[in-house]
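What you see is a predicted model, and the numbers here were worked out from it, not measured in a lab.
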Number of protein chains: 2
Amino acid sequence: MHRGKTADFTKPTEHVEGMRARKRRQTRERIVNAAVQLFSAKGFDTVTVDEIAATADVSKRSFFDYFPTKEDVIFAWQDDFGKVLAAAIAARPARESPVRTVEEALTACLATAANPASLAVDRLIRSTPALRERDYVKYARLEQTLAESLMVREKSARGKLRAQLLAAIVIAGMRLGNEQWYREGKTDSSNTKEFTKRMFRLVWNELYEIGDAGRRRHEASR
Amino acid sequence: MHRGKTADFTKPTEHVEGMRARKRRQTRERIVNAAVQLFSAKGFDTVTVDEIAATADVSKRSFFDYFPTKEDVIFAWQDDFGKVLAAAIAARPARESPVRTVEEALTACLATAANPASLAVDRLIRSTPALRERDYVKYARLEQTLAESLMVREKSARGKLRAQLLAAIVIAGMRLGNEQWYREGKTDSSNTKEFTKRMFRLVWNELYEIGDAGRRRHEASR
DNA sequence: TGCATATCTGCACTCATTGCAAGATTATAT
DNA sequence: ATATAATCTTGCAATGAGTGCAGATATGCA
């Protein structure tokens, strides 16, 4: 819960993380915890921001200083993942195959990311229309980020379109994989890597077959 | 205020479309028109529901009887498209290849659908964050609908997953195609069919290549 | 014509979200 | 350590979306 260095007083003004930043992070966590707990207990819609704020011991006004909307409490981590993924893509060698780039980068991110989406949060999202919609938006944004990261490497219009399509596919795969993951009741991040690999293999195979079937149709009708 | 046909009394009870249904449709259109016009002129956020209602000459309360949210005025047609698509899928021969099923059905729907998404509405969506998000949701729902329509034909878990992936890909292709379409400034629905066909061919080819590249990687690393 | 049903409207209320300015807290320079 | 600047919190008031309710109004039908 608290990672605060208890020996701070020996080094009064270490700029690693001032008291300000620490308190802010703590408050933030307090709000998230309060919200998740209340939502899980009473349902998203019946919990008011006032209630969350009160439970987290901040003013309602401050709540909105931490999170732009009530829903964002649940999806706070999402922005980070997008940035991490973009960075991971950018870190790959410039002229690597897009397919390889995206697989390596995403695999690395998924292995690293301490997925805060616990089973409880997942259930919450699934059972709340408003949150489910937000979840779609989350994936859409992620796809957008990924697509842009991949497109900067492409100069042709065709290449850019391929990048967009690839991004869409991979994010869809991630979404489906995620559903699968929770459906199988896996909560530990032990074998994330193995699971991810299997998922990629499966997706690539399906793509191949789908694409093959599709192009054959067009060749025939030509 | 009233657009009632004054000659109605000649045929008192024709059941084609009672006055009730007609008025409702007219009112609905009046609201949509008022909304689109106001949004385009002043921006989505600065227009209030009160304003729309006043312009369309209905009470604010009635507005919410026609549309569940302010945003839905813009996406009203979306539900229909989903239903039409689902029906088109269901109408295809039961044991046809999923790839063919989806291509035929979607092509037919796109050709038919009198796309109410005019250039103005499109611009509106693109320039309004709230609407852009709703747009994502629209596609997500469409994907869901399509996936379900395809899944009922599959019995194996593998087949169901393939259906979901296929749905995701096709809807992504549709989204990208739509962007392309407007980017090219095409507003007439003259060559929709040709455009759709080209898009499908492109997507299938890309899929094949992506899938091929991906599976090769996995075979190699095995 | 007269009842049953579907619509429309005004009213009051809840709640998310925002702007503002005063008050409290932390960081920094002297 | 103290003054000062930069930040953080909060209370207050206001806007606007969305909802439940009950009383008109209008329409469909016998």
Distances under 3.5 Å between protein N/O atoms and the N/O atoms of nucleotides 23-26 of chain C, please, pair by pair.
unit_1: C:dT25; atom_1: O2; unit_2: A:Arg20; atom_2: NH2; d: 3.2
unit_1: C:dT26; atom_1: OP1; unit_2: A:Lys23; atom_2: NZ; d: 3.3
unit_1: C:dT26; atom_1: O4'; unit_2: A:Arg20; atom_2: NH2; d: 3.3
unit_1: C:dT26; atom_1: O2; unit_2: A:Arg20; atom_2: NH2; d: 3.2

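- With rounding to whole Å, B:Glu71 atom CD is found 13 Å from D:dG16 atom C1'.
- With sequence neighbours left out, B:Tyr136 forms a ring pair (Phe, Tyr, Trp, His ring centres under 6.0 Å) with no residue at all.
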List the atom pairs, donor and acceptor, that lie under 3.5 Å between side-chain atoms in residues 165-175 of chain A and the rest of the protein, sequence neighbours left out.
unit_1: A:Arg175; atom_1: NH1; unit_2: B:Glu143; atom_2: OE2; d: 3.0
unit_1: A:Arg175; atom_1: NH2; unit_2: B:Glu143; atom_2: OE1; d: 3.1
unit_1: A:Arg175; atom_1: NH2; unit_2: B:Glu143; atom_2: OE2; d: 3.0

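- Taking a 4.0 Å limit (strictly below) on heavy-atom distances, residues 40-48 of chain A reaches DNA chain C at A:Val47, A:Thr48.
- Counting heavy atoms from C-beta on, the side chains of A:Tyr66 and A:Val32 never come closer than 4.5 Å.
- Heavy atoms of other residues, nucleotides or ligands lying less than 6.0 angstrom from CD of B:Gln37 number 12 at most.
- Near DNA chain D, meaning a heavy atom under 4.0 Å away, the residues from residues 51-67 of chain A are A:Val58, A:Ser59, A:Arg61, A:Ser62, A:Asp65, A:Tyr66.
- In this structure, the CZ atom of B:Arg25 is 17 Å from the C1' atom of C:dT7, given to the nearest Å.
- Cation-pi geometry between A:Lys70 and A:Phe44 is satisfied (NZ or CZ under 6.0 Å from the ring centre, within 45° of the ring normal).
- Comparing the local axis fitted to the first five base pairs of the helix from C:dT1-D:dA30 to C:dT30-D:dA1 with the one fitted to its last five gives a bend of 20°, rounded to 10°.
- We find that CZ of B:Arg28 is positioned 12 Å from P of C:dT7, with the value rounded to whole Å.
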